[in-house]
Amino acid sequence: MARYSRITGTGSYLPPRRMTNADLAAELATKGIETSDAWIVERTGIHARHFAAPDVTSSDLGVEAAKNALQAAGLQASDIDLIIVATSTPDMVFPSVACIVQNKLGIAGCPAFDMQAVCSGFVYALTVADAMIKTGSATKALVIGAEVFSRILDFSDRTTCVLFGDGAGAVVLEASETPGILASDLHADGKHVGILCVPGHVSGGQVLGQPLLQMDGPAVFKLAVGVLESAARATLAKANLTDADIDWLIPHQANIRIMQSTAKKLKMPLEKLIVTVDQHGNTSAASIPLALDASVRSGKVKKGDTLMLEGVGGGFTWGAVLLNY
Ligand code: UT7
């Protein structure tokens, strides 16, 4: 009998400190940096984001999201036999956030590792978990996206610091006799490393290079719009489906203009586009599972719906996962 994987529970967690654009603009003004709610809303669709307290890490956020996903799936942590955490803001250089999450969940023994594909991390992690389940290496996986991007923001650079936020989302992915994940399509092109990066690294006990996020926003924007359409079309072709079969488009939440442009290219009405960037900002690898959980809990996404998840970001990386929820 064919073996597939299916999402059986979703969860998310946002740190309590919510910063509106006005709050952030007022804080930046004290440093002589000028921005406004009007600019941020018009260019990005972002109204607010959450920032974690200084002592809160990606694993702290990820554990809370994972607990919520386990509860939704009706499972205990001890049922889990694979943990993948998509993150670019790990607690430590090593070990992985996934190992720390495993320990915080009070379990041991199952494989646990991080996925580093920046804002595409969640679709990469979901694809790997699906493959491991299909080949029998895992049966019940926790796939988490967790980020504290506030730690790597340059608050003297208004072109980037107003865009990002902190948070975590998670899914439980279980082996199933009927297909949940229908197709996926992953890509990378390393020649674009420089357009979105945190170039610092640790060497000889010191941080060398700039350990804060740098982005050529317009260059990323241009690339993102093209690749999101091609990845969506590739997954549809692999699954023998068409645009019209998609019930909900859940793209990486970076910029409402990129998201709306993708929806238009897929001939989808904007009502079918899941939007949380307005309240979360760009939470990198956490943005898709955060948006998925919000749409499940609000009742928009229902069992049996066909979902198109899409990620794009640093690397340059991009990809899509088409699934039956
Ligand atoms: O998560 C990974 C994927 N990341 C993305 O998808 C991000 C992709 N890029 C974007 O979303 C957009 O390029 C941004 C939102 C980053 C920027 O929007 P834009 O429409 O491309 O604006 P721009 O960079 O061309 O800047 C327009 C103007 C500039 O002023 P001048 O040169 O026209 O005088 C900027 O200096 O807006 C200015 N500006 C700001 N003004 C007020 C840039 N940032 C700000 C700001 N507040 N925070």
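Both backbone and side-chain heavy atoms feed into the values below; hydrogens, waters and symmetry mates do not. Every number for a ligand or one of its atoms is a count from 1 in the order of the listing.
- If you check each of K222, R257, M259 against atom 20 (O) of ligand 1, the one with the closest non-hydrogen atom is R257.
- The shell of residues lying under 4.0 angstrom from ligand 1, judged by heavy atoms, includes L196.
- Nearest to atom 40 (C) of ligand 1 by heavy atom, out of F149, W318, W39, is W39.
- Counting protein heavy atoms only, atom 2 (C) of ligand 1 is closest to C119 SG, 3.3 Å.
- Side-chain contact, S88 with Q116: a donor N or O sits under 3.5 Å from an acceptor N or O.
- Residue contact check: V162 has heavy atoms under 4.0 Å from atoms 48 (N) of ligand 1.
- Remark: E174 engages K140 in a salt bridge, criterion side-chain N to carboxylate O under 4.0 Å.
- Between T44 and ligand 1, not a single N/O pair is under 3.5 Å apart.
- Distance check on atom 13 (O) of ligand 1: some protein heavy atom falls below the 4.0 Å cut-off.
- For atom 21 (O) of ligand 1, the nearest protein heavy atom (residue, atom name, distance) is P218 CG, 3.7 Å.
- Backbone and side-chain nitrogen or oxygen atoms of T35 are examined, and one is located within less than 3.5 angstrom of a nitrogen or oxygen of ligand 1.
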Taking it one step at a time, do F155 and E27 satisfy side chain to side chain contact (heavy atoms under 4.5 Å, CB included)?
CA-CA 10 Å; F155 284 97; E27 202 170 292; 5.7 Å; no
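- The closest protein non-hydrogen atom to atom 27 (C) of ligand 1 is R43 NH2, 3.8 Å.
- Shortest contact from atom 16 (C) of ligand 1 to any protein heavy atom: L163 CD1, 3.8 Å.
- In the vicinity of I258, heavy-atom distances shorter than 4.0 Å reach the ligand 1 atoms 6 (O), 8 (C).
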Please lay out, stage by stage, how D130 and K134 fare under the test side chain to side chain contact (heavy atoms under 4.5 Å, CB included).
CA-CA 6 Å; D130 172 56; K134 278 183 179 148; 3.0 Å; yes
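- Scanning all protein heavy atoms for the shortest distance to atom 9 (N) of ligand 1 gives G217 O, 3.0 Å.
- Considering backbone and side-chain N/O atoms, A224 never comes within less than 3.5 Å of an N/O atom of ligand 1.
- When the ring pair (Phe, Tyr, Trp, His ring centres under 6.0 Å) test is applied to Y13, no partner is found at least two apart in sequence or on another chain.
- Distance screen at 4.0 Å: atom 34 (O) of ligand 1 has no protein heavy-atom neighbour inside the cut-off.
- Counting only heavy atoms, the protein gets under 4.0 Å from atom 37 (O) of ligand 1.
- When only non-hydrogen protein atoms are considered, atom 5 (C) of ligand 1 lies nearest to V220 CG1, 3.5 Å.
- Between D166 and R49 there is no salt bridge, since no side-chain N of the basic residue sits under 4.0 Å from a carboxylate O of the acidic one.
- The aromatic rings of H192 and F316 stand perpendicular to each other, their planes meeting at an angle above 60°, with 30° marking the opposite boundary.
- I7 pairs with exactly one of L307, I181, N324, L292 by the side-chain contact (heavy atoms from CB on, under 4.5 Å) rule, that one being L292.
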Could you give me the CA-CA distance, side-chain angles and deciding distance for T306 and D245, then say whether side chain to side chain donor-acceptor pair (under 3.5 Å) is met?
CA-CA 7 Å; T306 299; D245 294 308; over 6 Å; no
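- Not a single side-chain hydrogen bond (donor to acceptor under 3.5 Å, both in side chains) links D79 to another residue, sequence neighbours left out.
- At a threshold of 4.0 Å, the pair K265-E310 does not count as salt-bridged, since none of the basic side-chain nitrogens sits closer than that to a carboxylate oxygen.
- Judged by distance alone, the side chains of E147 and T89 do bring a donor and an acceptor atom under 3.5 Å apart.
- The contact set between ligand 1 and H252, taken as ligand atoms under 4.0 Å from a residue heavy atom, comprises 1 (O), 2 (C).
- At the shortest separation from atom 30 (O) of ligand 1 among protein heavy atoms lies R158 NH2, 4.7 Å.
- With atom 10 (C) of ligand 1 as the reference point, the heavy atom nearest to it among L213, I256, N255 is part of N255.
- In this structure, I40 has no heavy atom closer than 4.0 Å to ligand 1.
- A salt bridge does not link D185 with R233: none of the charged nitrogens is closer than 4.0 Å to a carboxylate oxygen.
- Under a 4.0 Å criterion applied to the non-hydrogen atoms of N282, ligand 1 contributes the atoms 1 (O), 2 (C).
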